[in-house]
Amino acid sequence: MQTELKVPTMAELSAAGQKPEVLFWVGCAGSFDDRAKKITKAFVKILNKAKVSFAVLGTEESCTGDPAKRAGNEFLFQMQAVTNIEVMNAYEIKKVVTACPHCFNTLKNEYPELGGNYEVVHHTQFLKQLLDEGKITMEGGQFKGKRITFHDPCYLGRANNVYEAPRELIRKLDAELVEMKNCKKKGLCCGAGGAQMFKEPENGNKDINIERTEQAIETKPDIIAAGCPFCNTMMTDGVKNKEKEGSVAVLDIAEMIASAEDL
Amino acid sequence: MTYLPNIIFAVLLLCGIGFFIKNISRLRRNINLGKDVDVTDNKAIRFKNMARIALGQSKMVVRPIAGFLHVIVYVGFIIINIEVLEIIIDGLLGTHRIFASLGGFYDVLIGSFEILAFLVIVAVVVFWIRRNIIRLKRFMKPEMTGWPKTDGNLILYIELVLMFLFLTMNAADYQLQSMGAEHYTQAGSFPISQYLATLFEGMSESSLVLVERTAWWLHIVGILCFLNYLYYSKHLHILLAFPNTYYGNLEAKGKFKNNKAVTQEVKLMMDPSADPYAAPAEGAAVPEKFGASDVTDLSWVQLLNAYTCTECGRCTSECPANQTGKLLSPRKIMMDTRDRLEEVGKNIDKNKGQFVADGKQLLGDYITNEELWACTSCNACVEACPVSIDPLSIIMDMRQYLVMEQSSAPSDLNNMMGNIENNGAPWPFNQMDRLNWKQEL
Ligand code: SF4
Ligand code: SF4
């Protein structure tokens with residue numbers, strides 16, 4: 001079932017005098033990274049299927065500034081923030097959903113002081129709500145009995161105390177949720193945060209994503225579930241490094257739901 | 001009748017407390033070298049956090065073995081200190097066991113002190129074994145050599161000695177009571193020291209009195225010394241854990257503070273009508289620098305954090321960078337901050353209350369760039385800390401200095417930031433292509 005994606009932009013809607021209920025903040029990874037674009041599309045398919053009234057900023061979206069801030073460039077961060085806030089406030093945005101925990105955290109916690117006040121949710125929270133409201137069903141059965149372990153993104157879990165929404169979605173897939181030895185509050189970072197994604201790691205005896213992938217593989221999973229495009233890349237690389245890509249898949253929760261729905 | 005012992009006691013007590021007050025005021029002075037932050041909000045929540053985390057030890061028991069043992073030592077020390085009150089009154093008035101008139105309740109008190117003292121001894125021995133025989137990894141990191149290692153053991157030895165003195169004093173007392181010695185009224189129950197007392201059987205009354213008095217004096221002198229040892233030790237946490245958990249961060253851990261001075265500048269740049277030559281608004285003085293390169297650039301809460309650190313290493317053992325062999329250790333960040341702050345404090349003491357530049361700073365002389373750049377900002381250290389310390393905030397403030405004052409980010413990060421500046425994404429993609437994914441099916 002391959003229908004065309006309906007991805008309205010804020011500019012189009014506003015020209016037609018319409019306002020969507022929620023802005024889908026795609027983020028840089030979701031817009032440009034080949035792996036993450038698949039997550040973006042999977043999420044849009046679900047939004048289309050559930051007939052959610054949404055829009056994206058498209059070419060009016062710009063980096064939230066998260067990696068700049070975490071790298072120490074507060075000036076660049078605030079320039080990005082103020083620019084984005086100007087755009088969003090002009091469209092009178094009330095609610096934002098994003099599939100990137102870094103965008104989620106920055107929009108939710110660091111934008112309000114700079115004049116950007118929105119209700120911000122992570123896509124796993126949003127999907128959980130769609131499920132509760134009966135707008136999506138997850139009966140595909142293709143995940144039934146599969147062992148799935150969830151890797152907590154630092155900026156979703158510890159940073160914002162969201163642990164349950166992604167887990168409930170996995171359980172709803174009829175899958176067997178298995179936890180790693182470090183999970184939830186004690187979840188181990190994938191190694192990408194704090195702008196590490198964009199630089200070589202410092203000298204050490206191991207890469208962080210390898211350490212984390214080993215923890216994941218210890219649970220003998222069929223799937224490592226992720227909720228962050230950067231974690232996804234890190235874990236995918238880790239699985240490749242361990243030569244397990246034949247038996248262990250790294251998937252975003254949105255991708256799992258989209259394929260359970262046969263989208 | 002001679003008042004000599006009373007006078008000696010009063011002098012010792014005054015000295016002990018006097019020095020302690022001096023230490024505390026030095027501590028306050030040093031902490032106040034930090035930048036001011038407003039933490040006067042949400043008093044009720046703050047009190048609750050203090051009650052839960054410091055008093056209730058809620059985060060200690062996340063690691064059950066260490067947590068359980070720590071609770072014993074902690075409860076032991078608090079409760080046994082009621083006994084110190086009696087010792088002080090006795091010492092000043094020349095009485096003996098002044099609370100004995102409480103009768104049965106006194107028996108219960110002394111009895112439970114003894115049991116606690118015994119449990120403290122057991123816990124302290126286990127702690128010592130963990131540090132020195134099992135050599136738990138988190139106590140063996142590079143920053144735990146020299147004084148920090150000695151300090152960790154010294155505390156255990158002091159506690160051990162104090163508990164033994166307490167029990168020896170009681171054992172001799174018990175023996176004297178049963179001999180019907182003058183001055184030693186029948187009082188208290190001695191569930192533990194009665195076994196020690198068997199060692200004293202057959203000793204003369206005068207030697208027993210000597211034992212009892214010696215243990216009594218050494219015990220109280222030991223406590224006064226310990227009180228003044230705190231300032232030089234990680235043991236300071238027994239006091240500072242309370243204010244530190246009170247002032248702990250109440251916001252989501254992912255929320256990093258926005259630099260207000262930068263906001264001013266950004267607003268000016270974004271607002272075409274703003275007059276760039278206008279006098280800065282009242283109270284909005286331009287900061288002399290962005291971020292932190294020395295302890296005085298940090299906030300006083302961050303400095304309080306440094307003095308509170310117990311050097312337990314829970315942060316470091318959860319740190320992904322440290323686990324994978326990187327130089328970064330969040331515990332070391334806190335220890336370095338305290339060491340540098342002490343150095344600055346001593347400098348001020350030496351130079352009549354004025355800091356004289358010593359050509360050193362926290363950045364470079366204590367904490368290296370390599371450590372700072374290894375952090376993933378994952379908050380594992382913050383989550384792990386049993387006393388609400390935030391090493392991450394110091395790392396981020398220092399990165400801000402590195403980038404905004406020194407432009408010394410790793411070149412990959414400079415590329416990333418250049419990309420954001422030019423195309424609004426950390427990679428070299430054009431902002432106009434942001435929606436292209438829609439077409440790529
Ligand atoms: S936030 Fe930084 S210092 Fe703290 S645990 Fe994570 S990587 Fe280590
Ligand atoms: S910062 Fe906290 S967790 Fe780390 S060593 Fe100090 S007290 Fe322990």
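Numbers restart at 1 for each chain; the letters A, B, ... are given by sequence-line order, proteins then strands.
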**Residue pair A:Val56 / B:Leu435, side-chain heavy-atom distance below 4.5 Å** = yes
**Message:** So for A:Ala29, is it side chain, backbone, both, or neither that comes closer than 4.5 Å to the heavy atoms of chain B?
**Reply:** both
**Message:** Would you say that B:Asn379 contacts A:Tyr155 through its side chain, given a criterion of any heavy-atom pair below 4.5 Å between the two side chains?
**Reply:** no
**Request:** Name the member of A:Lys37, A:Glu61, A:Lys38 that forms the most heavy-atom pairs with chain B at distances under 4.5 Å.
**Result:** A:Glu61
**Asked** Which heavy atom of B:Lys257 sits nearest a heavy atom of A:Lys69, and at what distance?
**Response** O-NZ, 3.0 Å
**Nearest non-hydrogen partners of B:Glu383 and A:Arg158, listed with the distance** = CB-CD, 3.5 Å
**Item:** Distance (rounded to the nearest 0.5 Å) between B:Gln323 CD and A:Arg212 CZ
**Value:** 10.0 Å
**Request:** Would you confirm whether A:Asn105, through its side chain, and B:Gly254, through its main-chain N or O, come within 3.5 Å as a donor-acceptor pair?
**Result:** yes
**Prompt:** Just how far is it from atom CG of B:Asn258 to atom CD of A:Glu74, taken to the nearest 0.5 Å?
**Reply:** 5.5 Å
**Request:** Drop me the distance from A:Asn73's CG to B:Met417's CE, to the nearest 0.5 angstrom.
**Result:** 5.0 Å
**Item:** Toward chain A, the part of B:Ile420 with a non-hydrogen atom under 4.5 Å
**Value:** both
**Main-chain N/O of A:Phe75 paired with B:Glu265 side-chain donor or acceptor, under 3.5 Å** = no
**Segment of B:Trp427 engaging chain A (4.5 angstrom heavy-atom cut-off)** = side chain
**Asked** Who wins among B:Met396, B:Glu251, B:Glu370 for the most heavy-atom pairs under 4.5 Å with chain A?
**Response** B:Glu370
**Prompt:** Are any of the side-chain heavy atoms of B:Asp412 and A:Glu200 separated by less than 4.5 Å?
**Reply:** yes
**Fill in**
Shortest non-hydrogen pair, B:Glu318 vs A:Asn182, comes out as OE1-ND2, 3.9 Å
**Atom pair SG (B:Cys375) and CD (A:Gln196), whose distance is rounded to the nearest 0.5 Å** = 7.5 Å
**Request:** Name the region of B:Ala409, side chain, backbone, both or neither, that has any atom closer than 4.5 Å to a heavy atom of chain A.
**Result:** neither
**Prompt:** Is the A:Phe32 to B:Trp437 ring centre distance short of 6.0 Å?
**Reply:** no
**Item:** Contacting moiety of A:Thr9, where chain B heavy atoms sit under 4.5 Å
**Value:** side chain
**Asked** Can you tell me if NZ on B:Lys137 sees more than 12 non-hydrogen neighbours from other groups inside 6.0 Å?
**Response** no
**Fill in**
On a heavy-atom basis, the closest approach of A:Leu188 and B:Pro320 is CD1-CB, 3.8 Å
**Item:** Side-chain donor/acceptor of A:Thr59 to backbone N/O of B:Met432, under 3.5 Å
**Value:** no
**Message:** If you define the side chain from C-beta out and look only at heavy atoms, does anything of B:Met270 sit under 4.5 Å from A:Thr83?
**Reply:** yes
**Prompt:** More than 12 non-hydrogen atoms from neighbouring residues, nucleotides or ligands closer than 6.0 Å to NZ on A:Lys184, yes or no?
**Reply:** yes
**Fill in**
Looking only at heavy atoms, the pair that brings B:Ala252 and A:Ala159 closest together is CB-O, 3.4 Å
**Contacting moiety of A:Ile208, where chain B heavy atoms sit under 4.5 Å** = both
**Message:** Please report the interatomic distance NZ(B:Lys326) to CG(A:Asn203), rounded to the nearest 0.5 Å.
**Reply:** 8.5 Å
**Prompt:** Between B:Lys255 and A:Glu110, does at least one N-O distance fall below 4.0 Å, as a salt bridge requires?
**Reply:** no
**Request:** With rounding to the nearest 0.5 Å, note down the distance linking CE in B:Met416 to SG in A:Cys28.
**Result:** 10.5 Å
**Item:** Derivation and outcome, side chain to side chain donor-acceptor pair (under 3.5 Å), residues A:Asn160 and B:Lys253
**Value:** CA-CA 7 Å; A:Asn160 288 293; B:Lys253 289 193 185 64; over 6 Å; no
**Message:** Tell me the closest heavy-atom pair linking A:Ala71 and B:Leu413, and the distance in Å.
**Reply:** CB-CD1, 4.1 Å
**Asked** Do B:Thr263 and A:Gln78 come close enough that some side-chain heavy atom pair is under 4.5 Å?
**Response** yes
**Portion of B:Asp433 that has a non-hydrogen atom of chain A nearer than 4.5 angstrom** = both
**Request:** Report the option among A:Leu57, A:Val7, A:Thr64 that has the most heavy-atom pairs separated by less than 4.5 Å from atoms of chain B.
**Result:** A:Val7
